[in-house]
Amino acid sequence: MTTQLLSGLNPQQAAAVTLGPEHALILAGAGSGKTRVLTTRIAWLMANGRVSPMGILAVTFTNKAAREMLLRLSTLTAVNPKGMWVGTFHGLCNRMLRLHHRDAGLVPSFQILDTQDQLAAVKRLLKARNIGEDRAPPRQLASFINGCKEKGQRPADVEAFDDYNRRFVELYAGYDAQCQREGVVDFAELLLRSHELLERHQILREHYQQRFRHILVDEFQDTNALQYGWLKLLAGAGNAIFAVGDDDQSIYAFRGADVANMLAFEREFAVQHRVKLEQNYRSSGHILDCANALIAHNDRRLGKDLWTEEGAGERVVVQELPSDAFEAQWIVEQVRAIVRDGDRRSDVGILYRSNAQSRSLEHALFSAGIAYRVYGGLRFFERAEIKHALAYLRLIEREEDDGAFLRVANFPLRGIGTRSLEQLQDLARAKGCSLMEAVRTASEGGPGGASLGRLRQFAQLISRLRQESALLALPDAVRKVINDSGLVAHYSMEREGQDRLENLEELVNAAAAFVQEESFGLDTPSTLAALETEPVGVLTLTPLAAFLAHASLEAGEHQALSGDDAVQMMTAHAAKGLEFRHVFITGLEEGLFPHENALSQEEGLEEERRLMYVGITRARQRLYLSFAQTRMLHGHTRYNLRSRFLEELPDAAVRWLSPRTSQRSSSSWAQPQWSGHNAGSDRQHQGHPGPEPARLGHPLLHQPLEDQACTVQLLVEHLDSIHPLRVGSRVRHGRFGEGVVIELEGRGRDARAQIRFGAHGIKWLALSVARLEVL
DNA sequence: TCGGTTCAGAGTATT
DNA sequence: TCTGAACCGA
């Protein structure tokens, strides 16, 4: 049985899987079979009787990763993994808090605020305190609160060093009080509460320490201080942490992730076993050479080199284009060629640094009639109509939920205006009760007669729904709520309400699917057995409360914009964990990728490089890198240098399709190096390794005839804009002295340059007027 | 309460 | 340039 588990693993993987019950750090390179090692380890531990299913805790960051792990486990073992503690940090903390809600100081059916809800709660707090949003910007306050919580700090722990800060701390305290009153917790609170629970309750802590003999952590490099602290509390004397991560793929420092946790873990736990997984099963050799060479430019690394048993494959293609529009057009051509060669559109991933870049790409793909799908839009449970329906459900579950009350008291419209709601809030504040309670007790001094009647009707609607839905199965209850609340009627009246109606219907389906999943997980005999020592709390949660928690913790799929076989477009961040046969990384320009905001500190640059590394290692077979000489950004045409990352790739693994200028700062504009003849246009698809780049001619001239007129026109326009300055050029000005060009825009007489002068700061100068000496 | 206008800001993102 | 949010008048 165990030999079968180990078959097909390479020596390092097998070593990791079969490590003894001690702490271990697994450095798992991209495409090295990380998930396989994690799940096989769990299966192996159980198969050898080293641990029972309930002795395992496996934690990931995303629901997707958790699902993947459960799926693989179900193929590796006979145990139903649903009852095991496998999930996201937030999911597991939620589970723990439900079980021990009393010790955690929470009501049993506490609700979870997502980011939107949290922001609304913060705004409500500011309003209640009459604090203008200019004095405390809600977003800033929310992120301050989250930042504190992620460092493990309650208001009392935060050092208030100035008045501004003191106000934030004060508001943080007010926010926590408001949440407590309403019985809601935000995402960070789930973790912090759970941390405090373990910290303060020795018996509980020891119970879990003894129970979870093996703690397995996925993507360890992404843990923040609080998550690491939580793991430390769970790690008692007799258990083992199996941490899997890749410092080279740490790209979330900006949201609190701290790679240093990897080293801290080795040190604090006196980790004896560090296993490196370096054999890559995804990409061909040239692609890996690029990845290795690039990441070698980072200083702070644990050190790792990817290799493959497969061949070198095709060289990585680099293409320079005159503008973002041309870049998009070039990609369209390549995708067409790929499809002509028999691959699917969905084999293609197009990556970019920032979402704004998707526009020109979408435009080109759309015009070319190529189906594409952009990741990153609104997700199912984040849609307004769904949030509305959920707000009704939340009020039914817990009438103290003022956030939900305010969201739907007057939606659909029932004549309860802002004014009445404000009065009601004042009343509730004065009485120290919830809005719903305030409606019930309001007589005089509250909202005026007519409004009060409507408010009472609303309150009656909610209690009627509560009573009636209690008798129904969850999906039927959801259907009743969306109908009787008037949501369905409202959206059927709306011109563009059809999609929203469909989404509401989908919510009913989601509830049905949820009920089915849950009953699988909790009612099968094997998992009940696994849960036998579990306090009953989790089983007493109503299906509705459980569904609401599910809706908050799992926002659902990103919307798909087009059919099944579609080109996949996303940011490099979103691509982490995915792979494509063919990958385009676009916009490889200084200021974009690496992003300008990251350039000021060395750490920022290294993170950008890791992001590039993540992008490169997504490709299985072919990798296309492109950059544009000019790009429209924020309404200005920017003239960017090509990305330094391109210089960091090994020549032998790369094929430049466009002539490679020797200096990144040299002007390829002043001396266009393409021949201007339509040489080589009979080639089926340039972009694949083929004839000498020098003989290619400018790739744009390979466009179909009907497009060529416009192409030439565009080229002429671009040539018109020649001037000797580039971003980065050093110049001298009579009055301001020496400076550096940081941006260029306009052309001809309108051309302007933004220049940073030492003592005189940053200035915009018209090139036709200013006397500039280029240094 | 809606619709239009104005204004600022513009990175990456999971739960 | 474009977008989302805030604000004001009907």
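Each chain gets a letter, A, B and so on, in the order its sequence line appears, and its residues count up from 1.
- Relative to the ring axis of Y375(A), R373(A) places its NZ or CZ within 45° and under 6.0 Å from the centre.
- Taking E189(A) as the reference, K149(A), R154(A), R193(A) meet the side-chain hydrogen bond (donor to acceptor under 3.5 Å, both in side chains) condition, with sequence neighbours excluded.
- Sorted by first and then second residue, the pairs that involve residues 406-415 of chain A and meet side chain to side chain donor-acceptor pair (under 3.5 Å), not counting sequence neighbours, are Y392(A)-R414(A).
- Using a 4.0 Å heavy-atom distance criterion, L191(A) is classed as making no nucleic acid contact.
- Listed here is the closest heavy atom pair of A549(A) and R98(A): CB-NH2, 3.6 Å.
- A centroid separation of 6.0 Å or more is found between the aromatic rings of Y372(A) and F366(A).
- Not counting sequence neighbours, Q457(A) has no partner by the side-chain hydrogen bond (donor to acceptor under 3.5 Å, both in side chains) test.
- Rounding to the nearest 0.5 angstrom, the gap separating the OG1 atom in T88(A) from the CG atom in N94(A) is 8.5 Å.
- The outermost nucleotides of DNA chain B lying under 4.0 Å from heavy atoms of chain A, listed 5' to 3', are dT1(B) to dT15(B).
- Between F254(A) and T115(A), the residue anchored nearer the 5' end of DNA chain B, judged by the nucleotide with its closest heavy atom, is F254(A).
- Residue contacts shown for N355(A) are limited to sugar-phosphate atoms, with no base heavy atom under 4.0 Å away.
- Counting only heavy atoms from C-beta outward, the side chains of T60(A) and F89(A) never approach each other to under 4.5 Å.
- Residues from residues 571-579 of chain A lying near DNA chain B, meaning a heavy-atom separation below 4.0 Å, are T571(A), H573(A) in numerical order.
- Using a 4.0 Å heavy-atom distance criterion, E608(A) is classed as a base contact.
- As judged by a 4.0 angstrom heavy-atom cut-off over every strand, N410(A) is placed among residues touching the sugar-phosphate backbone only.
- Toward the 5′ end of DNA chain B lies the nearest nucleotide of G417(A), the other residue of the pair G417(A) and H634(A) mapping further downstream.
- Where DNA chain C meets chain A (any atom under 4.0 Å from a heavy atom), the bounding nucleotides read 5' to 3' are dT1(C) to dA6(C).
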Exercise for review: For L611(A) and Y252(A), run side chain to side chain contact (heavy atoms under 4.5 Å, CB included): C-alpha distance rounded to whole Å, both residues' side-chain angles, the deciding distance at 0.1 Å, then the answer.
Suggested key: CA-CA 9 Å; L611(A) 183 59; Y252(A) 286 116; over 6 Å; no
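- For H573(A) and F254(A), the gap between ring centers is short of 6.0 Å.
- As judged by a 4.0 angstrom heavy-atom cut-off over every strand, R359(A) is placed among residues touching the sugar-phosphate backbone only.
- Side-chain rings of F645(A) and H297(A) stay apart, their centers remaining 6.0 Å or farther from each other.
- The same atom, P, is picked in dT12(B) and in dT3(C); the two are 15 Å apart, to the nearest Å.
- Within 4.0 Å (heavy atoms only), Y252(A) reaches sugar-phosphate atoms of the nucleic acid but no base atom.
- In this structure, N63(A) reaches the sugar-phosphate backbone alone: every heavy-atom distance under 4.0 Å involves primed, P, OP1 or OP2 atoms, never a base.
- Rounded to whole Å, the separation between the P atoms of dG11(B) and dG4(C) comes to 13 Å.
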